[in-house]
Protein chains: 2
Amino acid sequence: MGDYETVASSQPSNWQHHFLAPASRQVFASNETSPDIYVLCTGWAFRFLQLADGRRQILGFLLPGDLFSAHSLFEERFQFSVKALTAIQVSGMKRAEVQSRITQNPATAAPAIAKSCSAETEASEKMITALGLCSAEERIAYLFLHLMRRIADRNVIRDDRYPFPLRQQHIAEAVGLTPVHVSRILGTFRERGIADLSHGVLEVSDLKELQRLGSLT
Amino acid sequence: MGDYETVASSQPSNWQHHFLAPASRQVFASNETSPDIYVLCTGWAFRFLQLADGRRQILGFLLPGDLFSAHSLFEERFQFSVKALTAIQVSGMKRAEVQSRITQNPATAAPAIAKSCSAETEASEKMITALGLCSAEERIAYLFLHLMRRIADRNVIRDDRYPFPLRQQHIAEAVGLTPVHVSRILGTFRERGIADLSHGVLEVSDLKELQRLGSLT
DNA sequence: CGAGGAATTGATTTCCATCAATGACGGTGG
DNA sequence: CCACCGTCATTGATGGAAATCAATTCCTCG
């Protein structure tokens with residue numbers, strides 16, 4: 001891996017460390033192995049898979065507090081690559097250490113881990129459904145709603161304005177469209193008074209309509 | 001749930017039971033809860049999500065030996081529905097009992113469970129990639145290769161002929177296409193001498209080409 | 001046989017990708 | 001301060017992949 005900038009900890013420990021990465025830097029590559037597990041502390045990142053011909057699929061976005069993957073608790077090989085969307089700060093912990101702490105009190109740890117894995121899988125399967133069944137605008141609405149919920153869990157949201165540091169390119173790669181088409185759909189959302197994404201902020205003016213489009217009911 | 005036909009066990013036990021379901025019967029509905037976990041013993045089934053308007057996405061196929069979901073070990077609520085593709089035989093076990101057996105020797109159970117969860121998630125994320133990036137024929141080739149591997153793990157395959165009880169409708173619902181278009185693609189696979197699916201058997205004549213199309217490298 | 005679902009085939013439409021050009025910024029250096 | 005550049009977003013024109021509509025034909029199974 002690339003410990004791009006290791007930050008000196010105030011009380012150094014041998015089982016936990018931190019590092020920084022600037023926007024756009026790839027921090028891990030698919031198939032890489034690591035004795036550590038990672039948590040995103042600040043900033044946004046995304047997980048993705050890339051095909052031989054360069055096509056890239058974004059699997060999900062990482063927000064502060066997210067484990068890169070719940071499965072990384074047990075699996076030392078990355079099944080995806082990770083790239084910083086904004087400047088980020090990451091915390092790494094020795095897997096062995098974390099595992100031993102888990103086995104020490106499994107009663108509290110096990111349900112949390114199970115829930116976390118379960119949530120990941122559920123999100124994946126909902127995304128499969130969105131990609132398999134939904135139109136371009138439904139997919140984008142779904143992505144917005146999914147991220148809005150996660151953002152709202154971490155930030156105080158006022159006036160329905162969400163911090164949203166995604167380029168149209170990222171939206172396109174997440175929901176299987178071209179950036180040009182994403183631009184058109186966002187244009188229609190604007191003129192229909194549904195939502196406006198610009199300058200890194202998503203402002204939702206017609207939540208009902210957005211939900212009607214993207215709820216995957 | 002519907003214990004359609006409960007089979008008398010030769011030595012009855014209170015923590016394990018079996019039942020049968022005919023082809024096309026839905027055996028569980030999304031959001032249902034169950035104190036049991038289930039393994040498919042014989043036949044094929046599939047997991048799916050359904051939207052309010054009736055559109056349906058197949059999330060994956062279940063083959064003999066498959067847990068309906070590894071997450072069901074911890075999660076009592078179904079996040080998907082299950083329907084029999086052929087006539088099936090299912091075994092159900094009390095979750096509490098299974099969990100206590102797991103905690104009795106976690107050293108052997110834990111890695112197996114983790115691997116199983118991990119495999120499910122990896123499969124989901126590869127499917128997201130296929131749906132987001134790939135053309136119709138690439139998606140179908142991917143589905144074929146994925147299932148061929150799983151079938152070959154359970155059956156002796158001769159002459160590259162795989163038992164394959166899917167209707168074109170099911171293929172369509174799994175890879176996000178219409179049955180009509182699936183028919184066309186399968187037609188081209190036939191005339192190009194790549195593979196022939198009919199009468200419930202998939203016969204592969206040009207594995208290399210199928211892999212070139214569907215390997216998701 | 002005959003009936004009904006499944007598959008195939010053709011004609012047409014729709015949605016989205018692709019190609020191409022333009023404009024809006026923000027940074028950089030002269 | 002302004003010309004230059006690269007990135008991003010927007011817009012228009014066109015083409016292509018897959019959906020949709022509509023008949024048949026083919027199986028399968030009573």
Side-chain angles (χ1 to χ4, degrees), chain A residues 22-25 44 51 53-58 83-87 130-143 164-192 195-203 213, chain B residues 22-25 51 53-58 83-87 130-143 164-192 195-203 213-214:
Chain A
S24 295
R25 181 175 298 268
W44 287 47
L51 304 190
D53 57 17
R55 288 180 290 180
R56 187 168 78 172
Q57 176 67 39
I58 291 181
K83 193 167 180 173
L85 196 58
T86 66
L131 292 175
L133 300 176
C134 295
S135 69
E137 63 179 37
E138 289 173 320
R139 295 186 215 177
I140 292 176
Y142 171 71
L143 176 68
F164 216 82
L166 280 64
R167 309 253 151 238
Q168 294 185 356
Q169 175 77 39
H170 299 118
I171 298 174
E173 288 176 5
V175 299
L177 299 167
T178 56
V180 175
H181 200 61
V182 170
S183 171
R184 287 187 219 280
I185 302 288
L186 293 186
T188 72
F189 280 6
R190 243 172 249 131
E191 75 191 18
R192 288 194 275 165
D196 183 336
L197 172 57
S198 25
H199 314 297
V201 173
L202 175 67
E203 181 164 8
L213 289 172
Chain B
S24 296
R25 181 175 298 268
L51 304 191
D53 58 16
R55 288 180 290 180
R56 187 167 78 171
Q57 176 67 39
I58 290 181
K83 192 167 182 174
L85 195 58
T86 65
L131 293 175
L133 301 175
C134 294
S135 67
E137 62 179 37
E138 290 173 319
R139 295 186 212 178
I140 293 176
Y142 171 71
L143 177 67
F164 216 83
L166 279 64
R167 310 252 150 239
Q168 294 184 356
Q169 175 77 39
H170 300 119
I171 298 175
E173 288 177 6
V175 300
L177 298 168
T178 56
V180 175
H181 200 59
V182 169
S183 171
R184 286 187 220 279
I185 302 286
L186 294 185
T188 72
F189 280 5
R190 241 171 249 133
E191 75 192 18
R192 289 194 274 166
D196 184 336
L197 172 59
S198 25
H199 313 299
V201 173
L202 175 67
E203 180 163 9
L213 288 173

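Convention: sequence-line order gives letters A, B, ...; per-chain numbering from 1.
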Quick one: list whatever passes salt bridge (Lys or Arg N to Asp or Glu O under 4.0 Å) with B/Arg167, sequence neighbours left out.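 So B/Arg167 forms no salt bridge (Lys or Arg N to Asp or Glu O under 4.0 Å) with any residue.
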How about B/Tyr142 and B/Val175: do any of their side-chain heavy atoms sit closer than 4.5 Å?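 Answer no - side chains too far apart.
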When you compare the side chain of A/Ile171 with that of A/Ile185, does any pair of heavy atoms fall below 4.5 Å?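 No. Closest side-chain heavy atoms not under 4.5 Å.
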Can you measure [X] atom [atom1] to [N] atom [atom2] for me and round it to whole angstrom units?
| X | N | atom1 | atom2 | result |
| --- | --- | --- | --- | --- |
| B/Ile171 | C/dT8 | CD1 | C1' | 14 Å |
| B/Phe189 | C/dA7 | CZ | C1' | 17 Å |
| A/Gln168 | C/dC25 | CD | C1' | 14 Å |

Minimum-distance pair of heavy atoms, taken over all atoms of [X] and [Y]:
| X | Y | result |
| --- | --- | --- |
| B/Gln168 | B/Pro179 | OE1-O, 4.0 Å |
| A/Ala136 | A/Leu177 | CB-CD1, 3.7 Å |
| A/Cys134 | A/Arg139 | O-NE, 3.0 Å |

Could you pull out all residues at least two apart from B/Ala84 that satisfy side-chain contact (heavy atoms from CB on, under 4.5 Å)?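 With neighbours one apart ignored, the set is B/Ile88.
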Tell me every residue that passes side-chain contact (heavy atoms from CB on, under 4.5 Å) with A/Val201, counting only those two or more places apart in sequence or in another chain.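 Partners of A/Val201 under the side-chain contact (heavy atoms from CB on, under 4.5 Å) test: A/Arg161.
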Where at least one partner belongs to residues 170-191 of chain B, residue pairs that pass salt bridge (charged side-chain N to carboxylate O under 4.0 Å, His left out), sequence neighbours excluded: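 Qualifying pairs, neighbours excluded: B/Arg56-B/Glu173, B/Arg190-B/Asp196.
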Would you please name every residue forming a side chain to side chain donor-acceptor pair (under 3.5 Å) with A/Glu138, sequence neighbours left out?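 For A/Glu138, the residues satisfying side chain to side chain donor-acceptor pair (under 3.5 Å) (neighbours in sequence not counted) are A/Ser135, B/Arg55.
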The criterion is side chain to side chain donor-acceptor pair (under 3.5 Å); which residues satisfy it with B/Gln57, sequence neighbours excluded?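 So B/Gln57 forms no side chain to side chain donor-acceptor pair (under 3.5 Å) with any residue.
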DNA chain D contacts among residues 135-143 of chain B, heavy-atom distance under 4.0 Å: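 Those residues are B/Ser135, B/Ala136.
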Sorted by number, the residues of residues 175-187 of chain B with heavy-atom contact under 4.0 Å to DNA chain D: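 Only B/Gly176, B/Leu177, B/Thr178, B/Val180, B/His181, B/Arg184 qualify.
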Hey, where on DNA chain D does chain B first and last touch, going 5' to 3'? Cut-off is any atom under 4.0 Å from a heavy atom.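 Using the under 4.0 Å cut-off, the span is D/dA18 to D/dT28.
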Specify the angle, to 10°, made by the local axes at the two ends of the helix from C/dC1-D/dG30 to C/dG30-D/dC1 when five pairs are taken at each end.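 About 30° separates the two local helix axes.
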Who are the ring pair (Phe, Tyr, Trp, His ring centres under 6.0 Å) partners of A/His181, not counting sequence neighbours?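 Expected list: none.
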Residues which pass ring pair (Phe, Tyr, Trp, His ring centres under 6.0 Å) with B/Phe189, listed by chain and number, not counting sequence neighbours: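 Counting only residues at least two positions away or on another chain, B/Phe189 forms no ring pair (Phe, Tyr, Trp, His ring centres under 6.0 Å).
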